[in-house]
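The block underneath contains the structure these notes are about, expressed in structure tokens.
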Amino acid sequence: MQRICMVGTGYVGLVTGTCLADFGNQVICVDLDEEKVALLRGGRLPFYEFSLQELVERNMRQGRLSFTTDIAGAIRRSRVIFSAVGTPSDRAGRADLRQVFEVARTVGENLNDYKVVVQKSTVPVGTGAKVKALIEKHRRKKTPFDVASNPEFLREGSAVEDFMRPNRVVIGTWTQKAEDILSEIYRPLYLNEAPLVKTSVETAELIKYASNAFLAAKISYINEMALLCEKVGADVKVVARAMGLDHRIGPKFLHAGAGYGGSCFPKDTLALMSFAREAGIPATIVEAAIRANRHQRQEMIRRAEAMLKEPRGKVVGVLGLSFKPQTDDVREAFPLLLIPALQRRGARVRAFDPIAMPSAARKLRQVEFCKDAYEVAHGADLLVIATEWNEFRMLDMRKIHGLMRTPNLLDCRNIYDPDEMEKLTFTYAGVGRGVHLLRAAQRRPRKPAATRAEG
Ligand code: UDX
């Protein structure tokens, strides 16, 4: 059993702290936000995350998990300090490390005994060394300590599952002592056969960026293939499936759509490109993935506008506001780019999301929030499926068609079959469904060749 202080109660901090408490450790979660700490002390979560609520309540009840704003006291009472504070992008796309360094200073000032200071946040390579120097600068005496890197790979919406059954646990340290302490903390996962990757701090820091940027590039790659499919009459879903059957490629993260969003891929790809450039290495592939993603999102907006022909005065229904299903997080969510763009063109927007409407309402203006997909479709000239929530996968599309003023359907997540939608006489557009486009073009009556008289 370890005495652990978790600084930061966002997705990573709260999930990691709670799960480490569930392993039997004594965990104090710290946040500077008094409102958030009061909410958590009342057993309520500041965000939605599947199965986390019950885990927090149980561990609080059993006295292994507590919340405080007193960061100094929590550090002094703990042997392992995890730092899971935000590392947002600054204007230049670099990771803003002010919160990370603030925690390091506070640890230095409260180094009352040996501690391991573990970086859980995604930080550029070399941050561990800077944290170490800061702690040495601010510690009162020569009290020993170690710094470690332990990046997190959880996905929002499946964070608890991802923590409890990780594909791997990465531990970056410079000393055997720190490595042993962290290996002991993660032993319950290790016993679940989760491979433990033990390496240096710098290597662990880069593993996180290299992994996230690769996933983002994989998404941008299939999105570019989707646009090519539309031009050559191929079907990206079949291309992706056949690619994914190659064990060297794998089927995951090959779903063409409206591009990636969220609080990680956009930030981490920019940060990697930035510190690679600073190191004198042009991160051209990551840069291309960023550009391709921006293009994909703009292309989906252009497609929506084209389906409306003249957006002014038209009604657009948007299904899904979160950046992905199973979360209420709307950061960098495609719908939050699409809706203002259509409103600027004079369209009126109605929307529904199973849980992200409160989060979205804080970022959007003049959107009519509805109680379900059918209310969104009522009187709409275009229906956009923007986030692939399960409840949008089995809608009564005949009923939807009847409710709409003009049956235009833009399926940004390829949930529906183009041929079935055509049978219902929707004007359907997906992403990368080139076979459908080719057939639709072949069905369109050919324009009569201009006769000589017509000139
Ligand atoms: C990501 C990484 O997956 C996770 O390992 C890391 O710890 C944090 O960042 P997250 O951002 O929560 O997790 O969500 P993820 O499921 O990766 O999706 C990110 C974005 O990619 C979403 O907008 C999603 O819609 C999009 N996506 C994902 C696709 O467009 N196509 C895909 O095939 C998969």
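Numbering of residues begins at 1 and proceeds along the displayed sequence. Ligands are counted one by one from 1 in listed order, and the atoms in each one are counted from 1 as well. Keep in mind it's a predicted model, so treat the numbers as computed, not measured.
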Return yes or no for this condition: an N or O of Gly261 is under 3.5 Å from an N or O of ligand 1. yes
Tell me, which protein residue and heavy-atom name are nearest atom 34 (C) of ligand 1, and how many Å apart are they? Phe253 CD2, 3.6 Å
Answer yes or no: is there an ion pair linking Arg302 with Glu305, defined by an N-O contact shorter than 4.0 Å? no
Aromatic ring pairing Phe23/Phe163, orientation class (parallel under 30°, perpendicular over 60°, tilted between): tilted
Asp31 pairs by side chain to side chain donor-acceptor pair (under 3.5 Å) with which of Thr69, Thr9, Thr68? Thr9
For ligand 1 and Glu388, I'd like to know whether there is a polar contact (N/O to N/O, distance under 3.5 Å). no
N/O of Lys208 under 3.5 Å from N/O of ligand 1, yes or no? yes
re atom 3 (O) of ligand 1, the protein heavy-atom contact at minimum distance is Arg155 CG, 3.2 Å
Pairs meeting criterion salt bridge (Lys or Arg N to Asp or Glu O under 4.0 Å) with involvement of residues 315-334, two or more places apart: Glu156-Arg331, Arg297-Glu332, Asp329-Arg331
Which pairs pass side-chain hydrogen bond (donor to acceptor under 3.5 Å, both in side chains) with one or both residues in residues 359-378, sequence neighbours excluded? Arg350-Glu368
Side chains of Ser149 and Glu205: do they bring a donor and an acceptor to under 3.5 Å? no
Hey, is Leu254 touching ligand 1 through its side chain, its backbone, both or neither, going by heavy atoms under 4.0 Å? backbone
What residue and atom, counting heavy atoms only, is the protein's closest point to atom 31 (N) of ligand 1, and at what distance? His255 O, 3.0 Å
Gly262: heavy atom below 4.0 Å from ligand 1, yes or no? no
Specify the protein heavy atom at minimum distance from atom 27 (N) of ligand 1: its residue, its atom name, and the distance to 0.1 Å. Ile219 CD1, 3.5 Å
For atom 9 (O) of ligand 1, which protein heavy atom lies nearest, and how many Å away is it? Cys264 CB, 3.1 Å
Out of Tyr260, Phe153, Phe323, the nearest non-hydrogen contact to atom 10 (P) of ligand 1 is supplied by Phe323
Nearest-neighbour protein heavy atom for atom 12 (O) of ligand 1, which is reported as residue plus atom name and distance: Glu156 N, 2.8 Å
Pick from Lys324, Arg413, Arg331: the one approaching atom 14 (O) of ligand 1 most closely through a non-hydrogen atom: Lys324
Short N-O contact, Arg277 and Glu287, less than 4.0 angstrom: yes
Closest protein heavy atom (residue, atom, distance) for atom 1 (C) of ligand 1: Phe265 CE2, 3.6 Å
List the closest protein heavy-atom neighbour of atom 7 (O) of ligand 1: residue, atom name, distance to the nearest 0.1 Å. Leu154 O, 2.7 Å
